[in-house]
There are 2 protein chains.
Amino acid sequence: MNERRTIVIADDFPLIRKGLRQVIETLPETEVMEAENGDDALRLIREHHPVIALLDIEMPKLNGFDVAKRVNDEGLPVSVIFLTMYKEEQVFNKAMDTGVKGYVLKENAITEVLQCIAAVSEGKYYLSPTISDFLVRRNSRLSSPAQDNIGLSLLTPAERSVLKLVASMKTNQQIADELTISIKTVHNHRNHICDKLGLRGAHALLKFAIENVSQL
Amino acid sequence: MNERRTIVIADDFPLIRKGLRQVIETLPETEVMEAENGDDALRLIREHHPVIALLDIEMPKLNGFDVAKRVNDEGLPVSVIFLTMYKEEQVFNKAMDTGVKGYVLKENAITEVLQCIAAVSEGKYYLSPTISDFLVRRNSRLSSPAQDNIGLSLLTPAERSVLKLVASMKTNQQIADELTISIKTVHNHRNHICDKLGLRGAHALLKFAIENVSQL
DNA sequence: AATCGTATGGGTAGAAGTACCTAGGAGAAG
DNA sequence: CTTCTCCTAGGTACTTCTACCCATACGATT
């Protein structure tokens, strides 16, 4: 393993690539590799295992999302940072879902890029401050969609107790012990909950319980 | 209602207050009022209904948290921004719970303060980028820091891919289909992950996957 | 009194996950 | 070339969960 770390930058404008390279190469022990499209970027990531990939979203052949998705699917050990002009909430949310570690707006750039690289290198996240607003909203939407789950009010007290314990990953036997009831009773409560909420299939109840435990 | 908007700044160091005043008064139609402790700040907020209150956390009499809490309790129509040196996760989380709209680190300051005021004035949130990391982790309901899970680095790319899909509640069969491999291979990957991480029993892997998916 | 909802317990069947094996091929490292 | 890791796939036994079925007991409502 080399002492030097590699950072891949991908943007279809040569001028931006050169500018980025100049800034990033001020960092110690850092080697920069350039790609002018998503295809090349993905190839560089596969072959040179960089620690960080700085991707423009709009690129020829494969765009930033495509590259990030492939990186995710293949489990490549690289932290992806998006460097983009898009400050739409949907774009940002899609980026977070794709597992990007950094999201930097081009309008800020330069100093932010360095801060972002530093943060991501430590395993942290870095977001341009003007889009942190999206994350707060994203957060509160997940934790309090009170009006969405009117179904929760259909549950009886015993069912709520079971659901809370389901959310904490306990097995049915553990739940039965904790509530001092039979495991069969736990089964029945689970089934009734699923009926009321229209849940089907493996892990459906567990998923629901975890997502809504805050409202119990 | 006055055309001019009022902004209250509170800090126990006169020098910092003067510096902030100078920066903020470059904004149009803006009047600045100063407080040297939390008590005064709260009084100014009650009497002059400012749109924004820029609070230091460490202050005499009432600290920033105390003021923010009172503002919340009394339903005062002011957006609270914390300007602080604390970049501990607990402090930030407590701030978010208290309903602050902005969280700016003093080490960045100046330009950030103006951006923050602009964002909060539009009803948005603004966080110093280096602490946006906390929010992401907060979002995924994770309190354990990254260095706790050194075990994660033991995982191979294929194992990471499986773990990510486990975290999204997919069944082994769904994971196998998505990765185009046999369900038996998925079983093996799961077992290897459990071996490496010392996980035992029902749901142990699922629980771990959900809690640590943000670090994949 | 009859009905309804709720909580409790049980049975059975099948699907899914867990645990612990073996084993061949690809590729990297010695 | 040998050794090692990783990915792949299969076998077997067991546990846990899911989806149906059923019944009894209690309290409140009608």
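Each chain gets a letter, A, B and so on, in the order the sequences are listed, and its residues count up from 1.
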Of dA19(C), dG9(C), dA7(C), the nucleotide closest to the side chain of N191(B) is dA19(C)
Quick one: I193(B) CD1 to dT5(D) C1', roughly how many Å, whole number? 16 Å
May I ask you to verify whether the side chain of N188(A) and the base of dA7(C) hold a donor-acceptor pair under 3.5 Å? no
Quick note, K184(B) side chain, CB onward, closest among dT12(D), dT18(D), dC21(D) is dT12(D)
Residue-phosphate contact under 4.0 Å: T156(B) side-chain N/O, dC7(D) OP1/OP2: yes
Quick check for you: among dA16(C), dT8(C), dC7(D), whose closest atom lies nearest to any side-chain atom of E159(B)? dC7(D)
Minimum-distance pair of heavy atoms, taken over all atoms of M59(A) and D12(A): CG-N, 4.4 Å
In whole Å, I'd like the distance from the CZ atom of R190(A) to the C1' atom of dG9(C). 17 Å
Considering just the side-chain nitrogens and oxygens of R200(A), establish if one lies under 4.0 Å of OP1 or OP2 belonging to dC20(D). yes
Which nucleotide in the list dG11(D), dT6(C), dT8(C) gets nearest to the side chain of K196(A)? dT6(C)
Earlier contact from the 5' end, DNA chain C, for H192(A) and K170(B): H192(A)
Measure from NZ or CZ of K101(A) to the centre of the six-membered ring of Y126(A), then state whether that distance is under 6.0 Å and the direction lies within 45° of the axis. no
Taking only side-chain N and O atoms of N172(A), does any of them lie within less than 4.0 angstrom of OP1 or OP2 on dC17(D)? yes
Using a cut-off of less than 4.0 Å, is there contact between a side-chain N or O of S182(A) and OP1 or OP2 of dG10(C)? yes
Determine: side-chain N/O of T185(A) to OP1/OP2 of dA7(C), distance under 4.0 Å, yes or no. no
On the nucleotide dT8(C), are OP1 or OP2 found under 4.0 Å from the side-chain N or O atoms that H189(A) carries? yes
